[in-house]
S.K.: 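Pasting a structure below so you can have a look.
The figures here come from the full heavy-atom set of this structure, side chains too, leaving out hydrogens, waters and symmetry mates. Predicted model, so just to flag it, every value in this text is computed and none were measured.
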2 protein chains.
Amino acid sequence: MLDEISIKILKILQEKARIPNVEVARQVGMAPSAVLERIRKMEMQGIIDGYEVRLNPEQFNRKQIAFVFINAREKPGELILQNALSEIQEIQEIHFVSGDDCYLVKLRVSDTSELGNLIREKIQSIQGVISTRTAAVLNTFKETARIPVQETDVSGQ
Amino acid sequence: MLDEISIKILKILQEKARIPNVEVARQVGMAPSAVLERIRKMEMQGIIDGYEVRLNPEQFNRKQIAFVFINAREKPGELILQNALSEIQEIQEIHFVSGDDCYLVKLRVSDTSELGNLIREKIQSIQGVISTRTAAVLNTFKETARIPVQETDVSGQ
DNA sequence: GTTGAAATCACTGAAGG
DNA sequence: CCTTCAGTGATTTCAAC
């Protein structure tokens with residue numbers, strides 16, 4: 001179970017993962033060694049999965065987000081579609097979703113014309129793909145991978 | 001324009017943002033101070049947006065992902081819906097998408113019953129919401145926010 | 001781009017409450 | 001579980017080249 005202090009540490013690291021450890025210690029009011037001990041522990045427990053740099057999509061010509069529903073027919077146990085989709089660099093997420101029994105893919109390209117090319121040339125050409133339905137993103141109001149951390153959230157250790 | 005070395009630095013930081021700087025310097029074959037200078041520069045230019053800790057969703061009771069399409073009618077210029085959605089902690093992404101002229105929301109909860117509660121109590125109760133269509137995620141094969149970095153990607157500086 | 005010097009920080013281990 | 005105190009090595013900044 002994570003206590004208040006560990007929660008606070010995680011919140012600080014969610015904002016700025018490269019903050020000096022002494023500064024974290026100052027903010028939570030503990031000795032640096034104790035803070036380090038808690039962080040290492042959470043890394044060991046798999047609570048902390050890793051640290052990533054966040055790049056600005058606009059600076060890399062990845063302004064256009066789109067969600068594509070892919071209707072496909074695959075033999076049970078086959079993974080051709082998933083493997084093919086996974087290898088497409090522009091695709092950030094691949095989910096199998098209920099409702100329409102299809103794959104939902106989130107991707108990021110430069111513009112709508114590249115979106116068209118990608119769908120036609122790389123997605124619809126995959127074996128098993130029957131049809132696709134695309135929702136191009138016109139406006140994004142919130143986009144984060146952050147998981148809200150609260151005292152009650154974590155399963156007992 | 002980012003050269004090969006800066007690209008390599010970004011790739012290393014995408015994998016492990018907390019890798020020691022001397023190790024980055026060794027891998028790209030440069031002096032540590034020069035590597036730091038490049039990183040600071042990219043931070044200033046907004047190429048690097050920040051550094052985040054990656055938490056394990058399962059450890060925080062956030063196993064269930066869902067995408068919800070929200071059909072709403074709003075007066076032009078009003079932001080009630082967006083603001084209300086933004087404040088819901090479980091919602092990670094809010095996009096306005098083409099096609100159905102609606103909002104697409106990505107959220108993360110503990111299980112399907114919490115998903116039901118969230119949609120009924122927090123989303124459908126928002127003023128202006130007409131209807132919702134939910135795609136619960138049954139299986140996730142790929143999920144990353146990583147932007148592929150390549151030499152040709154970045155606009156000239 | 002480099003090197004080198006100096007201040008700060010990371011990390012480890014030990015002693016103790 | 002926490003603290004403090006050393007000691008070693010890395011980070012970081014700053015200078016000069």
S.K.: Any donor and acceptor pair, going by atom type alone, linking the side chain of D3(A) with main-chain N or O of S6(A) inside 3.5 Å?
M.R.: yes
S.K.: Please find the pair of heavy atoms, one from V22(B) and one from P32(B), that lie closest to each other, and give the distance.
M.R.: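 The pair with the smallest heavy-atom distance is CG1-CG, 4.1 Å.
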S.K.: Under 3.5 Å, side-chain donor or acceptor atoms of residues 90-99 of chain A against the rest of the protein: list the pairs with distances, not counting sequence neighbours.
M.R.:
from, atom 1, to, atom 2, distance (Å)
Q92(A), OE1, R108(A), NE, 3.4
Q92(A), NE2, A145(B), O, 3.3
Q92(A), NE2, R146(B), O, 3.2
E93(A), OE1, H95(A), NE2, 2.7
E93(A), OE1, K106(B), NZ, 2.9
E93(A), OE2, K106(B), NZ, 3.0
H95(A), ND1, T140(B), OG1, 2.9
S98(A), OG, A136(B), N, 3.3
S98(A), OG, A136(B), O, 3.4

S.K.: Give the rounded distance in Å between these two atoms: CZ of R26(A) and C1' of dA10(C).
M.R.: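 Going from CZ in R26(A) over to C1' in dA10(C) covers 14 Å.
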S.K.: Over how many whole Å does the gap from E43(A) atom CD to dC11(C) atom C1' extend?
M.R.: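 So the two atoms are 13 Å apart, to the nearest Å.
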S.K.: Spell out protein contact along nucleotides 3-14 of chain D as letters: B when the base is contacted, S when just the sugar-phosphate is, - when no protein heavy atom is under 4.0 Å; keep the 5' to 3' order.
M.R.: SB-----SSSS-
S.K.: ring-ring contact (aromatic ring centres under 6.0 Å, His included) with F69(A): which residues, sequence neighbours excluded?
M.R.: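 Testing F69(A) for ring-ring contact (aromatic ring centres under 6.0 Å, His included), a comparison that skips the adjacent residues, returns F69(B).
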S.K.: Rounded to the nearest 0.5 Å, what's the gap from CZ on F141(B) to CG on L85(A)? Could you check?
M.R.: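 Rounded to the nearest 0.5 Å, the CZ-CG separation comes to 9.5 Å.
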